[in-house]
S.K.: 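This is the structure I want to talk about, given as structure tokens.
Quick caveat, the model's predicted, so the values are computed rather than measured. Throughout, protein chains are lettered first and strands after them, A, B, ... in sequence-line order, and every chain is numbered starting at 1.
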2 protein chains.
Amino acid sequence: MAQRKPAHEQDAVASFVEDWNRERPELDTAPLEVFARLHRVFLRYQSQISKPMEGHGISMAGFDVLTALRRAGAPYSRTAGELARSGLISSAGVTLRIDRLEKDGLIVRERDPEDRRVVHSRLSEQGIEQIDALFNEHLENERRMLAGMTPAECRQLAKLLGKLERSVAAAQEADEEEGEETAGE
Amino acid sequence: MAQRKPAHEQDAVASFVEDWNRERPELDTAPLEVFARLHRVFLRYQSQISKPMEGHGISMAGFDVLTALRRAGAPYSRTAGELARSGLISSAGVTLRIDRLEKDGLIVRERDPEDRRVVHSRLSEQGIEQIDALFNEHLENERRMLAGMTPAECRQLAKLLGKLERSVAAAQEADEEEGEETAGE
DNA sequence: CAGGGAACGCTCAGGGCTAAGATTTCCACA
DNA sequence: TGTGGAAATCTTAGCCCTGAGCGTTCCCTG
């Protein structure tokens, strides 16, 4: 009943896998070793990364937009569609993010005169200052989160995560094509 | 039909790093190689993993609770606090998750007769059936997402993610201790 | 054996995201 | 040149999460 937590705190995912092997031994739980760990480390990362941002009154969602604009270089402007693709979120999500940032005076919306469907979001002066100050803190914070890893491990992990992203994206696209095929039957 | 992502489209995170080197060359962006990739692959994973669950009318949040209870073994029961820690979420979040699952008839709340502060959440018969059926699909889906990786790469990645979780957790705990020290001044 | 602190779960206010569909604008082509 | 489809953005409805704080219950201590 009580959870075992020996002095050197066993990996939580290893316990999960043990549990499943006991409860449903016929299942091959190998994928959990990757994805359950991915999930847990992301949740921890997310909550840790939010701390310096909250100090500046900026959310992770807002930070994502501000960095995308800052990265773009002068005049620090992108369309809503570009922001959706770069942040891997829906177009509705972009609208909401931009609403909030515009209300805070960090960005301005500008309708494209050539193609009036398009809206450009541009960093305000205040937005540039905020993100330039915050990004240093952000990197410093991330460095502290990597303190337990060697540089070689970081490089190896980065490489494998890149490969995993491609693998997950491939499965996603395979699903979408299958959906299109069966849609016309 | 041509692929949507032609060969010349390089890794999105590599482009980010290039952008930062151009815009703010004084910054050491090495941590992004790990965390930006972690963030992106998690977002893709999250949206892909939701597909089979939606078919059963279950959210990722609900799935997390149901698996935690199923893993626990008979009588498939845990306290709210245990669920919060195992899912890395707040106690308020647990209350909401349980509210929804109870309304759907997948779990039942039972107040502990020995310690009346404690509430146990237990899988209903229907809950057990649902999660047993869904978990197979879930693992199959995860396996498809790993199709682009070799087993050796998966093991290596799992190991490094485990190490990263410990490293991130250490940074988190360091922050909390610092907060406690300065709180009493 | 009475207080008071600690532990547990819940409530509330404030954000955040998505899917589906509406609206506006562009553009290719008959 | 008129029209239908496609594209870009916004709106709506619904669900999910957190931090702060509340009420209840337990239990240690004096």
S.K.: Using whole Å, report how far CE of A:M53 lies from P of D:dT18.
M.R.: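 Nearest whole value for this atom pair: 17 Å.
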S.K.: Let me know the distance between CG of B:D112 and C1' of C:dA7, rounded to the nearest Å.
M.R.: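 After rounding, the reported distance stands at 13 Å.
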S.K.: Is any NZ, NE, NH1 or NH2 atom of the basic residue among A:E110 and A:R122 found under 4.0 Å from an Asp or Glu carboxylate oxygen of the other?
M.R.: yes
S.K.: B:L96 has a side chain; which of D:dT18, C:dG9, D:dT9 sits nearest to it?
M.R.: D:dT18
S.K.: Give me the distances for all protein-to-nucleotides 19-27 of chain C N/O pairs that come in under 3.5 Å?
M.R.:
unit_1: C:dC26; atom_1: OP1; unit_2: A:R116; atom_2: N; d: 3.1

S.K.: Assign A:I89 to base, sugar-phosphate, or nothing according to its heavy-atom contacts below 4.0 angstrom with the strands shown.
M.R.: sugar-phosphate
S.K.: Give a yes/no answer on whether the side chain of B:R97 brings an N or O atom under 4.0 Å of OP1 or OP2 in C:dG9.
M.R.: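 For B:R97, the contact criterion (side-chain N or O under 4.0 Å from OP1 or OP2 of C:dG9) is not met.
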S.K.: Please state whether the rings of B:H138 and B:F63 are parallel, tilted or perpendicular, taking 30° and 60° as the class boundaries.
M.R.: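 Because their plane-to-plane angle lies in the 30° to 60° range, the rings of B:H138 and B:F63 count as tilted.
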S.K.: Expressed as a whole number of angstroms, how long is the span from A:I58:CD1 to C:dG16:C1'?
M.R.: 16 Å
S.K.: Of A:I98 and B:V94, whose closest DNA chain D nucleotide lies nearer the 5' terminus?
M.R.: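 Its nearest nucleotide lies further toward 5', so the answer is A:I98.
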S.K.: Would you say B:S121 and B:V108 make side-chain contact, with heavy atoms under 4.5 Å?
M.R.: no
S.K.: Quick test of your reading of the model: are A:E165 and B:R37 salt-bridged, counting only N-O distances below 4.0 Å?
M.R.: no
S.K.: Can you check the B:Q48 CD to C:dT18 P distance for me, whole Å?
M.R.: 15 Å
S.K.: Please determine if a side-chain N or O atom of A:S59 lies less than 4.0 Å away from the OP1 or OP2 oxygen of C:dG16.
M.R.: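 For C:dG16, OP1/OP2 do have a side-chain N/O of A:S59 under 4.0 Å.
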S.K.: Any side-chain heavy atom of B:L69 sitting closer than 4.5 Å to one from B:I128?
M.R.: no
S.K.: Looking for any heavy atom pair under 4.0 Å, which part of the strands does B:S47 touch: base, sugar-phosphate only, or nothing?
M.R.: nothing
S.K.: Look at the side chain of B:A61 and decide which nucleotide, out of C:dG16, D:dC16, D:dT9, has an atom nearest to it.
M.R.: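 Within the option list, the nearest is D:dC16.
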S.K.: Atom NZ of A:K103 to atom C1' of C:dG16: distance rounded to whole Å?
M.R.: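 About 12 Å, once rounded to whole Å.
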S.K.: For A:E26, does the CD atom have more than 12 heavy-atom neighbours from other residues, nucleotides or ligands under 6.0 Å away?
M.R.: yes
S.K.: Examine B:R71 relative to A:F16 and say whether NZ or CZ is less than 6.0 Å from the centre of the six-membered ring and inside a 45° cone about the ring axis.
M.R.: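 Yes.
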S.K.: Atom CZ of B:F63 to atom C1' of D:dC15: distance rounded to whole Å?
M.R.: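 From B:F63 CZ to D:dC15 C1': 18 Å.
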S.K.: Round to a whole Å and report the spacing from CD1 of B:I49 to C1' of C:dC17.
M.R.: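 To the nearest whole Å, that distance equals 18 Å.
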S.K.: Taking atom C1' of D:dT9 as reference, at what distance in whole Å does atom CG of A:L83 sit?
M.R.: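 The answer, rounded to whole Å, is 12 Å.
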